[in-house]
Amino acid sequence: MQAVLQYLEEHQNDFRAEFEEFLRIESVSADPARAGEVQRAAQWVRDRLERAGMRHATVHETEGHPIVTADWLDAEGAPTLLVYGHYDVQPEDPVDLWSSPPFEPTERDGKLFARGSADDKGQLILYIQAVEAWLETHKKLPMNVKVIFEGEEEIGSENLSTFLTSHAEELSCDYTAISDSGMFGEDFPTVTIGLRGLVYAQLDIETATTDLHSGSFGGAVPNAANVACAIVAKLKDDKGRITIPGFYDGIRPISQVEKDSFERLPFDVEEFKKSIGTNATPGEEGYSVLERLWTRPTLDVNGLLSGYVVEGAKTVIPEKSMVKLSMRLVPGQEPKKIEQALVDYIEQIKPEGSRVNVQLMHSGEAFLADPEDAAFKPAFDASCRALKAGFNAEPVVTREGGSIPIVNEFSQVLGCPVLLLGFGLPDMNAHAPNESIHLGVVERGRRSLAHLFGELMK
Ligand code: BES
Ligand code: ZN
């Protein structure tokens, strides 16, 4: 192990340089104009895996963006770890709000700023570097390792789902490790045991076949912008509860043990508010902020469009409006049922004179692992040991409010424990301007993953 750590130490500059090269590739999966960049990122990852000593490094074309796989399976009789990550990134807009160009990695205050620095290029690459360190120093890994990196996580992992089912045999493994989440804080290496699920929908609303003069017609005709607001307003009550019938059905309450463990985390609501520049944490009554973020479902408008929105005034009644909604789900909620319940409810509440088309976009179940479960515990304990060794600090256990839609399929299709070992800090600005990763955490994370290969063997 000493030789591996020394290798990591000695190659820091190379690792940094290649990380920057990776970040310069504009692999925005949502942007059709940059499909070539997504392809280039896939190729980059494939080549890097090969250079690290992994075998069968392959770019698999799909109907969307490619999937990259590789393996190293010479640890005879040893268990197999499957590593998942995504090399696609979110769009960079609004680009004016970045302090440095999103695809020009820039260091400030010990952090590296670039789109994808934390989510997920900067986490994915750590596995490749840790593998290389083992293979260069020992000519072998302590266990078998397979990797699968996709280019569509940020747009819902649609093709990965099909690929998983059709390649279940090749991907069979004993454990899965994913680093695409966050840490509780800089000195809190974190094992995440829960993720929220997701239903995402777009409402397209129409009230007429033309925009209308707000004087000549106002008062006697429906208004698509007002309709959008009316629908949104009806989706929650004044206690923050979502009003869609059946929305809360089946939710599994959190255990007292978990509640207590949240209480013990040094979470400061005032600090939290300050960090995002707000003075309130509105949400469901009777739940702490962490409970609201990690264990309760949500409904949020993610986008809203209608009417005259450029400078100046125009007296007009819009004929059309559009609303994008995300609902984060928790264990026990079924995405398909929630989708149907939303469609039915909107049909019921939409005001007179409006046509509403509900387009369902992403859906995925929540994920929750139990550290006391006999099948999960050994892997969980190993990951705690690895993090402790890498960070020289005691790991904490958290859930996350975000979603990684494929995680459930990993645990169901491949039937193995999923370890979520994230290295993004709360200020990482994932999906927002000025995304960053802490360079100190990068090093400690890389060391932890190098330890993980050995710890899973104990
Ligand atoms: N890395 C995130 C998920 C995440 C975010 C985990 C924050 C933990 C903390 C992932 O890349 C992501 O953003 N997922 C999307 C999924 C969606 C596009 C289907 C999400 O959560 O919005
Ligand atoms: Zn993301």
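Starting from 1, each residue takes its place in the sequence as its number. Atoms within each ligand, like the ligands themselves, are counted from 1 in listed order.
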Can you name the atoms of ligand 1, numbered from 1 with element, that are less than 4.0 Å from a heavy atom of Leu198?
17 (C), 19 (C)

Kindly confirm or rule out an N or O of Gln90 lying under 3.5 angstrom from an N or O of ligand 1.
no

Among all the protein's non-hydrogen atoms, which is closest to atom 10 (C) of ligand 1, and how far away is it?
Glu153 OE2, 3.1 Å

Have a look at Glu154 and say which of its N, O or S atoms is nearest the Zn ion (ligand 2).
OE2

Salt-bridged, Glu37 to Arg34, with N to O below 4.0 Å?
no

SB check Arg16 Glu20 (cutoff 4.0 Å)
yes

Under 3.5 Å donor-acceptor, Lys121 side chain and Asp88 backbone:
no

Using a 3.5 Å distance criterion without hydrogens, assess whether the side chain of Gln123 forms a donor-acceptor pair with backbone atoms of Ser181.
yes

Heavy-atom proximity to atom 8 (C) of ligand 1, best of His362, Gln123, His86, Glu400:
Glu400

Which class fits the ring pair Phe272 and Phe267: parallel under 30°, tilted 30 to 60°, perpendicular over 60°?
tilted

Cut-off 3.5 Å, side chains only: do Glu61 and Gln39 have a donor facing an acceptor?
yes

Nearest-neighbour protein heavy atom for atom 18 (C) of ligand 1, which is reported as residue plus atom name and distance:
Glu154 O, 3.5 Å

Asp120, portion touching ligand 1 at heavy-atom distance under 4.0 Å
neither

Examine His431 and say whether one of its N/O/S atoms is closer to the Zn ion (ligand 2) than 2.8 Å.
yes

Considering non-hydrogen atoms only, spot the tightest contact between Phe103 and Val28 and give its length.
CZ-CG2, 3.8 Å

Taking backbone and side chain together, does Glu153 place any N/O/S atom at a distance below 2.8 Å from the Zn ion (ligand 2)?
no

Quick one: report the N, O or S atom of Asp119 that is nearest to the Zn ion (ligand 2).
OD2

